[in-house]
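See structure below.
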Protein chains: 2
Amino acid sequence: MSKRVTSFDVAALAGVSQSAVSRVFSGASASKDTADKVRRAATKLGYRPNVLARSLITGRSRIIGLVVAYLGNPFYPDALERFSRMLQAEGYHTLVFTLAEGATDADADRVIQQMLDHQVDGIVLASVGLGDALARRCDTAGIPVVLFNRGQEGSGLAQVTSANREGGRKVAEFLVAGGHERIGHVSGWQGSSTGRDRTRGFLDELEALGHAVVGVEDGRYDHAAAIDATQRLVDAGVDALFVGNDHMAFAVLDHLRSELGLSVPGDVSVVGYDDVPMASFAGYDLTTVRQPVGRMVKTTVAALIEQIEDKTAQAGIIEIDGPLILRGSARIPEGLR
Amino acid sequence: MSKRVTSFDVAALAGVSQSAVSRVFSGASASKDTADKVRRAATKLGYRPNVLARSLITGRSRIIGLVVAYLGNPFYPDALERFSRMLQAEGYHTLVFTLAEGATDADADRVIQQMLDHQVDGIVLASVGLGDALARRCDTAGIPVVLFNRGQEGSGLAQVTSANREGGRKVAEFLVAGGHERIGHVSGWQGSSTGRDRTRGFLDELEALGHAVVGVEDGRYDHAAAIDATQRLVDAGVDALFVGNDHMAFAVLDHLRSELGLSVPGDVSVVGYDDVPMASFAGYDLTTVRQPVGRMVKTTVAALIEQIEDKTAQAGIIEIDGPLILRGSARIPEGLR
DNA sequence: CCGAGTCTTGCATAGGTGTGCAACGAACGC
DNA sequence: GCGTTCGTTGCACACCTATGCAAGACTCGG
């Protein structure tokens, strides 16, 4: 390993000052002539600017902290992959932090501190399960934050979600149009805004259509809890279930078919939320509301970068609408066939 | 936002020199007395050492580059989550790079350069799909590298995989014991060591038991390719299939049941490889060889850190054995019930 | 031909830490 | 009491780049 080549080495070979080299590589103004000389010398020596030194002085690391709780729900790996790719394209990099669901405030503080230590330029909080405290602390630290797939009322933080209430509404409309009479709901975690919003949109629309809900059980975005909830709703005699996300819906389908021997959608229709890749597998073939991950990620990145580059940028609340994807797990109304 | 507090501020308040502060926080020797004074002043001011400055001077960033190709196969998100958590526990952080499967050497170089720019202390290459060129370049750059779930013959690089040949062998033994007569194989990508090794172990054992294979088709770890392969093997009349990983096995199961109307394991037994969480879902209930992700990740991290801390450490090849998990997708021999 | 204005360039310094070196004091053996 | 050794501390510098400032080069209109 040879010694690391610095901007001074390049300057010496090119016959200019170190500042000239710096200016060429940081995009500042420089004459065509010197720029050429510098570039030639740089490639000859294999020079690359030292990111650490650069960050140290500019105070900008071009690193984004991505906090995520649980990658078992395939929606998040998908998002993570897109975040990494998109940030890479924008010249940023992704430092991943995992924070278990049951994390205490002390854990959250530790993660925040570590992100501060690395001087991340911005933070994406990508998990419903992450407590409000974390978001507040990020914001207090003066670092741009965007909540991804997660809202927080009145926090003033930027947030990008799908149109959860509208999505819930669509499902209600669809199930009623399908002629279902005893509709139940395995909700997403009611401690999260996504869970609450989907539930509210669903229930509001049911009411507007003159239908009562047979029962609402909190599945807490958890496999086992969803199965318990399903059991209770089946006991109550449902003929349709709206499940708060696909991850739970798979558990629900398995339980209905394998444990209870019920036919889907013959005995019970099931509708999920997310449209993760697996939802289209023939084994599940799940009717579900699509969260347009690509657009959500793109929007999140754009919002974050805007905040980074212009500290006065207003933090907005952005909802992205997604369609209901019709598949085989729920009876389809005549008019839509 | 107040100004950032530096070691000089702490030194002034504690009545010592800046070097004393540095020594206290970097674990060098210092008297109990000064250490106390420094710590008190530090907490009072809320001081934390600047990681960038520290990395700049020591040349160690305490950041690990994790290169991953495709998170659609749920084995990798699982591994990623564990890597992040485990590295965090060891005081390292995870910078994620995605490299599409069809990435060119130029793409690979770009990623390498970016990792070098950030002075990562080590690199984990966690994807079968990543070309050999990338691994070589990482190594040439003089940065510790460990291949995760991916081998490379004669490269001299450290690598951690499961015992793929032994795994393939177990499957052959199991299927033969189950009385299957027409055994086929949808292989993992034959361009990867994992794919080749599983296939080789499987075929060697079949031969040793006096069985011929009906057919071997390369599924290339790809959904669509696996379905094509399955179709050809079904046409050839198989009564059992060993599929190169779970991700493909799900596609195979769906195709067999939904498209071809076959019963599993009545008409065809299916065995996968990985034991991703989804394999235990009732909808698939897949018999499969477990890759012990937890131990694989732990081993990888340990090997990497050893290389980082002792540059002369020998890079070894480590294989971790995993059991065959018996579920409902393959006929179980009498003796094992 | 001159003055004003614009672009370019080098000098010097900042950014915050780790560490070699030398000095210093204390402890200790004789 | 003196020489030696060892642990502690401060000084100064290194790490590598970006940038304010001032001076120089250059353009252009009158």
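All heavy atoms count here, side chains included; hydrogens, waters and symmetry mates do not.
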Residue whose closest nucleotide on DNA chain D lies nearer the 5' end, B:A53 versus B:S31: B:S31
B:Y92 side chain reached by B:V301 side chain, heavy atoms, under 4.5 Å: no
Would a 4.5 Å heavy-atom cut-off, applied to side chains only, mark B:Q291 and B:N149 as touching? yes
Is the shortest distance from a Lys or Arg side-chain nitrogen in A:R110 or A:D107 to a carboxylate oxygen in the other one below 4.0 Å? yes
Taking only Lys NZ, Arg NE, NH1 and NH2, and the carboxylate oxygens of Asp or Glu, determine whether B:D121 and B:R62 approach each other closer than 4.0 Å. no
Rounded to whole angstroms, how far apart are [atom1] on [X] and [atom2] on [N]?
| X | N | atom1 | atom2 | answer |
| --- | --- | --- | --- | --- |
| B:H118 | D:dC16 | NE2 | P | 17 Å |
| A:R60 | D:dC16 | CZ | C1' | 19 Å |
| B:D117 | D:dT17 | CG | C1' | 13 Å |
| B:R48 | C:dT17 | CZ | P | 12 Å |
| A:L56 | D:dT17 | CG | P | 12 Å |

Pair B:L304-B:V124, side-chain contact (heavy atoms from CB on, under 4.5 Å): steps then yes or no: CA-CA 8 Å; B:L304 193 58; B:V124 174; 3.7 Å; yes
Minimum-distance nucleotide (side-chain atoms of [X] versus [options]):
| X | options | result |
| --- | --- | --- |
| B:T58 | C:dT17, D:dC11, C:dG18 | C:dG18 |
| A:F8 | C:dT17, D:dT17, C:dG10 | D:dT17 |
| A:Q18 | D:dC16, C:dA12, C:dG10 | C:dA12 |

Do any N or O atoms of the protein come closer than 3.5 Å to N or O atoms of nucleotides 24-26 of chain D, and which pairs are they?
none

Is [X] close enough to [N] that one of its side-chain N or O atoms is under 4.0 Å from OP1 or OP2 there?
| X | N | answer |
| --- | --- | --- |
| A:S22 | D:dA18 | yes |
| A:S7 | D:dT17 | yes |
| A:T34 | C:dT9 | yes |

So what does B:V16 hit on the nucleic acid, given a heavy-atom distance under 4.0 Å: a base, only sugar-phosphate, or nothing? sugar-phosphate
Classify B:F25 by what it touches in the nucleic acid, base, sugar-phosphate, or nothing, heavy-atom distance under 4.0 Å. nothing
What pair of heavy atoms forms the shortest contact from A:V145 to A:Q307, and how long is it? O-NE2, 3.3 Å
Can you name the nearest heavy-atom pair linking B:F148 to B:A79, along with the distance? CE2-CB, 3.8 Å
Taking ring-ring contact (aromatic ring centres under 6.0 Å, His included) as the test, write out the residues that go with A:H118, two or more places apart. B:H93
Can you check nucleotides 20-28 of chain C for protein contacts, nitrogen or oxygen pairs under 3.5 Å, and list what you find?
none

Option from B:V24, B:V38, B:V10 for which side chain to side chain contact (heavy atoms under 4.5 Å, CB included) with B:V16 holds: B:V38
